[in-house]
Amino acid sequence: MSPRSASVNEELRRRSRERLLQAAVELVGEHGYDATTLGDIADRAGSARGLVSYYFPGKRQLVQSAVHRLMHRTLEEALEREPRTGDGRERMARAVDAILGLARDRPVLMRQHMAGILEAEGLVQCPEQRRLAELLREVCAGRGSSDLDTDYPMLRALLMGAVYAALVPGVPMQVPVLRAELFKRYRLDWEMGVPPDAAPGGTGDTDLSRFFATGSSSGGAQDQST
């Protein structure tokens, strides 16, 4: 049997990493961070358990990368949905609604994510986080920012603060109230983006596969590639 080519090995590695990211998002969303082990994630992904450490230094880094992937793909999907638009105000509204929508629809996952950021390790720098940052910078630029190095960190801080406020146990703020404050700051019309009454109670969407390019696996066999 001839050895696999470099391109085939690279594709197998990419799929393995994608499956781990998807499994991490699913399991933490279902059971919480503490109740999810790296072994659980590897089993859900159909990967060898030792493969997890090949891609990620630990569980915290894996979970943060997975949530950042979900965030940047959710944001990307919101910005590109039909009717597509180059209007900076509409794109800002879509960005706000996309991030607040994650707090509303996936509270367990996003609460765990915020808690992880507040730990000593802080924000994990990874390709997924960088793509999310790029998208938010593009949104700021499209809104007319003349100083992205100031305006992007402010937008990021305001969105993180709103997500945190929506998820504080016992005293959460309502997403429409938080949305109203952000829309007021950025001078957005309430009808822009996806107003709360257009998506009552969240989307109910539990299929995350479109955010993770896992491809197909043969017979569910464990992937031993490195």
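What's counted below: heavy atoms across the whole structure, side chains too, no hydrogens, waters or symmetry copies.
Of all non-hydrogen atoms in R17 and P127, the two that sit nearest each other are NH2-CD, 4.2 Å.
Distance CD/Q61 to SG/C126: 10.0 Å, rounded to 0.5 Å. Of the inter-residue distances, the one linking Q125 atom CD with S65 atom OG reads 10.0 Å to the nearest 0.5 angstrom.
Contact annotation: the side chain of Y164 never approaches that of I117 to less than 4.5 Å [non-hydrogen atoms, C-beta and beyond]. Taking the side chain as every heavy atom from C-beta outward, Q22 and E26 approach each other to under 4.5 Å. Within the 4.5 Å cutoff, the side chain of R179 has no heavy atoms near those of the L188 side chain. S47 is listed as a side-chain neighbour of L20, based on a closest heavy-atom distance under 4.5 Å.
In this structure, R137 does not pair ionically with D151, as no charged nitrogen and carboxylate oxygen lie closer than 4.0 Å.
Through side-chain heavy atoms spaced under 4.5 Å, either directly or across other Ile, Leu, Val, Met, Phe, Trp or Tyr residues, V177 is tied to M173, L178. In this structure, V108 shares a hydrophobic cluster with no other residue, the cluster being traced through Ile, Leu, Val, Met, Phe, Trp and Tyr side chains under 4.5 angstrom apart.
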Could you list the donor-acceptor pairs under 3.5 angstrom formed by side chains in residues 70-80, with sequence neighbours left out?
unit_1: R73; atom_1: NE; unit_2: E76; atom_2: OE1; d: 3.2
unit_1: R73; atom_1: NH1; unit_2: F211; atom_2: O; d: 3.3
unit_1: R73; atom_1: NH2; unit_2: R210; atom_2: O; d: 3.2
unit_1: T74; atom_1: OG1; unit_2: L70; atom_2: O; d: 2.7
unit_1: E77; atom_1: OE1; unit_2: R210; atom_2: NH2; d: 3.2
unit_1: E77; atom_1: OE2; unit_2: R210; atom_2: NE; d: 2.7
unit_1: E80; atom_1: OE1; unit_2: R84; atom_2: NE; d: 3.0
unit_1: E80; atom_1: OE1; unit_2: R84; atom_2: NH2; d: 2.3

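Qualifying salt bridge (charged side-chain N to carboxylate O under 4.0 Å, His left out) partners for R94, counting only residues two or more places apart in sequence or in other chains: E90. Every residue two or more places apart in sequence or in another chain that forms a salt bridge (charged side-chain N to carboxylate O under 4.0 Å, His left out) with D189 is listed here: R89. Partners of D147 by salt bridge (charged side-chain N to carboxylate O under 4.0 Å, His left out), not counting sequence neighbours: none found.
Tracing side-chain contacts under 4.5 Å through hydrophobic residues (I, L, V, M, F, W, Y), one reaches V168 starting from I99; they form part of the same cluster.
No option in L182, D105, V194 other than L182 meets the side chain to side chain contact (heavy atoms under 4.5 Å, CB included) test with L100.
Environment of OH in Y152: crowded, with over 12 heavy atoms of neighbouring residues, nucleotides or ligands closer than 6.0 Å.
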